[in-house]
Amino acid sequence: MAKKAIFDGADNELRFEECSFYCIRIEIVCSKVLFLGGHFGISTMSEDCKLNIKNTEKVDFFGTDISSVSLGSARSTLSNINALKAIYKAGKISNSFTNLAKDGVDETRAYVKNGSRKYFIKSDAEWSEKVATIQVVEEIRQLKQDEIEESQAQMQAEH
């Protein structure tokens with residue numbers, strides 16, 4: 001198991017789809033990052049992952065389970081961190097996300113486990129008490145569809 005992973009994309013955009021990270025320290029250097037689905041897990045040493053974000057303009061956590069990750073050197077960056085669409089186990093969210101993410105985290109995106117399934121907590125949100133994995137798959141499908149439609153509209157506007 002890796003103890004450190006470095007993703008250096010410089011001015012590029014990085015997109016992590018359905019990735020699972022079980023390492024202790026991840027360092028990302030690029031202009032934009034999208035975590036789409038997937039999760040950060042606890043390694044065999046039972047320590048949370050630490051995510052260091054450097055020189056990054058925008059970081060999105062969309063449908064990503066951030067229960068076991070804390071933001072490291074993001075404290076000293078001007079990164080625009082969006083974790084409102086992230087999911088996390090109820091009662092297990094790092095202070096770094098609540099303090100450093102632009103608008104904090106959405107309290108209705110917390111889930112509880114019942115057997116092997118994760119259910120969103122009861123709230124006023126449309127995903128209230130739904131199976132988290134099914135809801136996230138649908139949200140990601142909609143996001144990708146929106147991206148395709150936006151790309152097609154842009155291509156038509158150029159021609």
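No hydrogens, no waters, no symmetry mates; every other heavy atom, side chains included, goes into these values.
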Discussion item. Count I, L, V, M, F, W, Y as connected when their side-chain heavy atoms are under 4.5 Å apart, and connections chain through other members. Are I87 and F97 then in the same cluster?
Written reply: no

Fill in: From CG (N80) to CD (E57), nearest 0.5 Å
9.5 Å

Item to complete: Compare every heavy atom of G63 with every heavy atom of V136, then report the nearest pair and how far apart it is.
Response: CG1-O, 3.6 Å

Worksheet item: How many angstroms lie between OG in S94 and NZ in K50, if you round to the nearest 0.5 Å?
Response: 10.0 Å

Discussion item. Between L14 and V59, is there shared hydrophobic-cluster membership here, with clusters defined by ILVMFWY side-chain heavy atoms closer than 4.5 Å?
Written reply: yes

Practice prompt. List the steps and the verdict of side-chain hydrogen bond (donor to acceptor under 3.5 Å, both in side chains) for H39 and Y88.
Written response: CA-CA 9 Å; H39 71 280; Y88 55 94; over 6 Å; no

Discussion item. Checking E13 against V33 for the side-chain contact (heavy atoms from CB on, under 4.5 Å) test, could you report, in this order, the C-alpha distance in whole Å, the side-chain angles of both residues, the deciding distance, and whether it holds?
Written reply: CA-CA 6 Å; E13 296 180 18; V33 182; over 6 Å; no

Fill in: Flag, side chain of T98 to backbone of G104, donor-acceptor distance under 3.5 Å
no

Side-chain donor-acceptor pairs under 3.5 Å in residues 119-128, sequence neighbours left out?
unit_1 : atom_1 : unit_2 : atom_2 : d
S123   : OG     : A125   : N      : 3.1
W127   : NE1    : T108   : O      : 3.0
W127   : NE1    : T108   : OG1    : 3.3
S128   : OG     : S123   : N      : 2.9
S128   : OG     : S123   : O      : 3.1

Worksheet entry | pair L84-F62: side-chain heavy atoms closer than 4.5 Å | no

Discussion item. Could you go through R109 and K85, starting from their C-alpha distance and side-chain angles, then the distance that decides it, and tell me whether this counts as side-chain contact (heavy atoms from CB on, under 4.5 Å)?
Written reply: CA-CA 7 Å; R109 302 288 286 179; K85 283 289 189 174; 4.2 Å; yes

Worksheet entry | E138: salt bridge (charged side-chain N to carboxylate O under 4.0 Å, His left out) partners, not counting sequence neighbours | R141

Practice prompt. May I ask whether F40 and L100 are part of the same hydrophobic cluster, defined by side-chain heavy atoms of I, L, V, M, F, W, Y residues being less than 4.5 angstrom apart, directly or through others?
Written response: yes

Item to complete: List in chain and number order the residues that pass side chain to side chain donor-acceptor pair (under 3.5 Å) with K118, two or more places apart in sequence or in another chain; answer none if no residue qualifies.
Response: D65

Worksheet item: I26, F61: one ILVMFWY side-chain cluster at the under-4.5 Å cut-off?
Response: yes

Worksheet item: Could you walk me through whether L143 and L36 pass the side-chain contact (heavy atoms from CB on, under 4.5 Å) check?
Response: CA-CA 10 Å; L143 174 73; L36 190 60; 3.5 Å; yes

Worksheet item: Under the salt bridge (charged side-chain N to carboxylate O under 4.0 Å, His left out) rule, what pairs show up with a residue in residues 27-39, not counting sequence neighbours?
Response: E27-K54

Practice prompt. Compare all side-chain heavy atoms of V105 with those of I66 and state whether any distance is below 4.5 angstrom.
Written response: yes

Discussion item. Suppose the criterion is salt bridge (charged side-chain N to carboxylate O under 4.0 Å, His left out): which pairs have a residue in residues 94-108, not counting sequence neighbours?
Written reply: none

Item to complete: With sequence neighbours left out, write down each residue that passes side chain to side chain donor-acceptor pair (under 3.5 Å) with Q135, or none if nothing qualifies.
Response: E139

Worksheet item: Could R15 and E147 be called an ion pair, given the rule that one side-chain N must be under 4.0 Å from one carboxylate O?
Response: yes

Worksheet item: Any chain of hydrophobic side-chain contacts (each under 4.5 Å) joining I53 to L34?
Response: no

Discussion item. Between E149 and Q145, do the side chains contain a donor N or O and an acceptor N or O under 3.5 Å apart?
Written reply: yes

Worksheet item: Are the charged groups of D146 and K144 less than 4.0 angstrom apart, N to O?
Response: no

Item to complete: Anything under 30° is parallel, anything over 60° is perpendicular, the rest tilted; go ahead and classify F35 against F21.
Response: perpendicular

Worksheet item: Does a side-chain heavy-atom distance below 4.5 Å link I148 with E150?
Response: no

Item to complete: Taking all heavy atoms of A101 and all of A83, pick out the closest pair and write down the distance.
Response: CB-CB, 4.0 Å

Discussion item. Quick check: do K92 and S68 have side-chain heavy atoms less than 4.5 Å from each other?
Written reply: yes

